[in-house]
Amino acid sequence: MKRLKYYLKQRKHLVLFISILALAGAIVGLYLGVSNIEFLKEDVLYYTSHINNQSYNYILFHFFAVVISIVTSFFAIGIPLLCTLLFYEGMTIGFLIGIFSVTYGISGTLFSLIFIIITKLIYLILLILLFSKCLKIARKMIGKYIYKIDPSILVSRLLKGCITLTVILLVYDVVLLLFANQILSFFSFLLT
């Protein structure tokens with residue numbers, strides 16, 4: 001717990017930036033979900049009535065998004081891409097809360113929170129850690145070109161951390177693919 005507090009204290013500006021980015025995305029997603037509910041209500045009802053047959057396969061999307069972000073962070077282009085991913089994830093969270101809340105009320109809000117915890121929470125945590133590492137890589141690479149400093153040892157260590165996060169993300173996505181359907185089906189009583 002002390003390490004987490006120290007980590008957050010050292011990176012309070014980064015945490016604030018990521019929080020504002022995700023919150024802005026959530027507000028946009030909430031607005032889009034609530035304002036378009038007339039068009040989406042049938043889809044939400046179809047989803048909930050066929051929840052046993054849903055598949056949660058995010059493996060390719062997450063893998064390519066993370067790998068492209070890591071590779072492009074060497075050229076500082078990956079940072080805007082990660083910002084876009086964080087905004088998008090915030091937007092999907094707000095959207096899910098909006099459409100389930102309007103369609104099913106308080107029980108829909110509870111189901112959407114359970115859905116988010118199961119399918120998005122670990123991905124968001126890994127994305128935030130990856131953002132921190134990619135930001136360091138981009139800073140070191142910019143320092144290499146501006147100040148002619150050799151960052152190879154630090155960058156290789158950061159790259160190992162990024163690869164570890166990618167492997168953890170792939171394992172998480174496989175677990176989601178295998179078990180998310182059963183877990184969410186267990187909580188489907190909230191939607192009746």
Side-chain angles (χ1 to χ4, degrees), residues 8 11-66 68-69 78-132 134 165 168-170 172-192:
L8 293 175
R11 292 162 181 83
K12 62 183 172 189
H13 293 90
L14 179 64
V15 171
L16 180 65
F17 173 73
I18 289 171
S19 300
I20 290 171
L21 195 63
L23 183 63
I27 291 169
V28 169
L30 188 63
Y31 171 75
L32 290 174
V34 171
S35 64
N36 294 313
I37 196 63
E38 295 303 319
F39 302 112
L40 300 169
K41 199 166 196 169
E42 287 183 31
D43 293 333
V44 173
L45 294 172
Y46 178 81
Y47 168 78
T48 55
S49 64
H50 294 88
I51 200 165
N52 295 331
N53 302 328
Q54 301 298 323
S55 175
Y56 302 96
N57 188 355
Y58 303 120
I59 296 171
L60 288 177
F61 174 73
H62 288 170
F63 179 75
F64 284 116
V66 166
I68 289 170
S69 298
I79 304 307
L81 178 62
L82 281 167
C83 289
T84 305
L85 281 173
L86 286 166
F87 182 83
Y88 172 76
E89 288 302 320
M91 193 169 71
T92 58
I93 288 171
F95 186 78
L96 287 169
I97 291 172
I99 61 173
F100 280 111
S101 297
V102 172
T103 306
Y104 291 103
I106 292 175
S107 61
T109 304
L110 288 173
F111 181 80
S112 67
L113 293 175
I114 292 167
F115 184 90
I116 289 164
I117 289 169
I118 292 170
T119 63
K120 296 202 173 289
L121 184 63
I122 293 175
Y123 176 62
L124 274 174
I125 292 168
L126 292 173
L127 203 59
I128 290 167
L129 293 172
L130 185 71
F131 185 87
S132 175
C134 287
L165 289 173
I168 292 170
L169 180 64
L170 288 175
Y172 169 67
D173 284 339
V174 169
V175 169
L176 272 182
L177 181 64
L178 297 175
F179 300 111
N181 188 13
Q182 290 88 353
I183 296 169
L184 290 172
S185 295
F186 177 75
F187 291 104
S188 64
F189 71 89
L190 292 169
L191 303 175
T192 55

Practice prompt. Return yes if some donor-acceptor pair links the side-chain N/O of T92 with the main-chain N/O of E89 below 3.5 Å, else return no.
Written response: yes
Response to the item:
Correct closest heavy-atom pair for A180 and Y56 would be CB-CD1, 3.7 Å
Response to the item:
Looking only at heavy atoms, the pair that brings C134 and S69 closest together is SG-O, 4.1 Å
Worksheet item: Between atom CG of L184 and atom OG1 of T48, what is the distance when rounded to the nearest 0.5 Å?
Response: 12.0 Å
Worksheet item: Under 3.5 Å, side chain of Y172 to main-chain N/O of T119, donor-acceptor pair present?
Response: yes
Discussion item. How about CD on E38, more than 12 heavy atoms from neighbouring residues, nucleotides or ligands closer than 6.0 Å, or not?
Written reply: no
Discussion item. Nearest 0.5 Å, please: how far is CZ in F100 from CG in L110?
Written reply: 12.5 Å
Response to the item:
Nearest heavy-atom approach of C83 to L21 is O-CD2, 3.3 Å
Worksheet item: So do the side chains of I114 and L190 get within less than 4.5 Å of each other, counting heavy atoms only?
Response: yes
Discussion item. Which label fits Y123 and H62: parallel for a plane angle under 30°, tilted from 30 to 60°, or perpendicular past 60°?
Written reply: parallel
Practice prompt. Determine the minimum heavy-atom distance between S185 and N181, stating which atoms define it.
Written response: OG-O, 2.7 Å
Fill in: D173 vs F63 side-chain heavy atoms within contact, under 4.5 Å
no
Discussion item. If we ignore hydrogens and angles and just use 3.5 Å, is the side chain of S49 paired with the main-chain N or O of Y46 as donor and acceptor?
Written reply: yes
Item to complete: With the side chain counted from C-beta on, respond yes when K120 and L96 share a heavy-atom pair under 4.5 Å apart, and no when they do not.
Response: yes
Practice prompt. Just do the side chain to side chain contact (heavy atoms under 4.5 Å, CB included) check on L176 and I118 with the steps written out, would you?
Written response: CA-CA 8 Å; L176 272 182; I118 292 170; 4.1 Å; yes
Response to the item:
Taken to the nearest 0.5 Å, the spacing of I27 CD1 from L32 CG works out to 12.0 Å
Worksheet item: Does some side-chain heavy atom of I97 sit less than 4.5 Å from a side-chain heavy atom of I116?
Response: yes
Fill in: Residue from V66, I125, L129, L127 passing side chain to side chain contact (heavy atoms under 4.5 Å, CB included) with L165
L129
Discussion item. Nearest 0.5 angstrom please: I117 CD1 to L124 CG, how far?
Written reply: 11.5 Å
Practice prompt. Give, for atom OH of Y47 and atom CD1 of I99, the distance between the pair rounded to the nearest 0.5 Å.
Written response: 9.5 Å
Fill in: Any F95 side-chain heavy atom under 4.5 Å of L40 side chain
yes
Worksheet item: Does atom CZ of F186 have more than 12 heavy-atom neighbours from other groups under 6.0 Å away?
Response: no
Worksheet entry | Side-chain heavy atoms of Y104 within contact of S112, under 4.5 Å | no
Discussion item. Do I51 and F111 have side chains that approach each other closer than 4.5 Å (heavy atoms only, starting at C-beta)?
Written reply: yes
Fill in: Contact check, side chains of I128 and L86, non-hydrogen atoms, under 4.5 Å
yes
Discussion item. Around atom CG of L178, are there more than 12 heavy atoms from other residues, nucleotides or ligands closer than 6.0 Å?
Written reply: yes
Worksheet entry | CG on D43 to CG on N36, rounded to 0.5 Å | 11.5 Å
Practice prompt. Just do the side chain to side chain contact (heavy atoms under 4.5 Å, CB included) check on I79 and F131 with the steps written out, would you?
Written response: CA-CA 7 Å; I79 304 307; F131 185 87; 4.1 Å; yes
Worksheet item: So which heavy atom on G108 is nearest to which on L191, and how close?
Response: CA-CD2, 4.1 Å
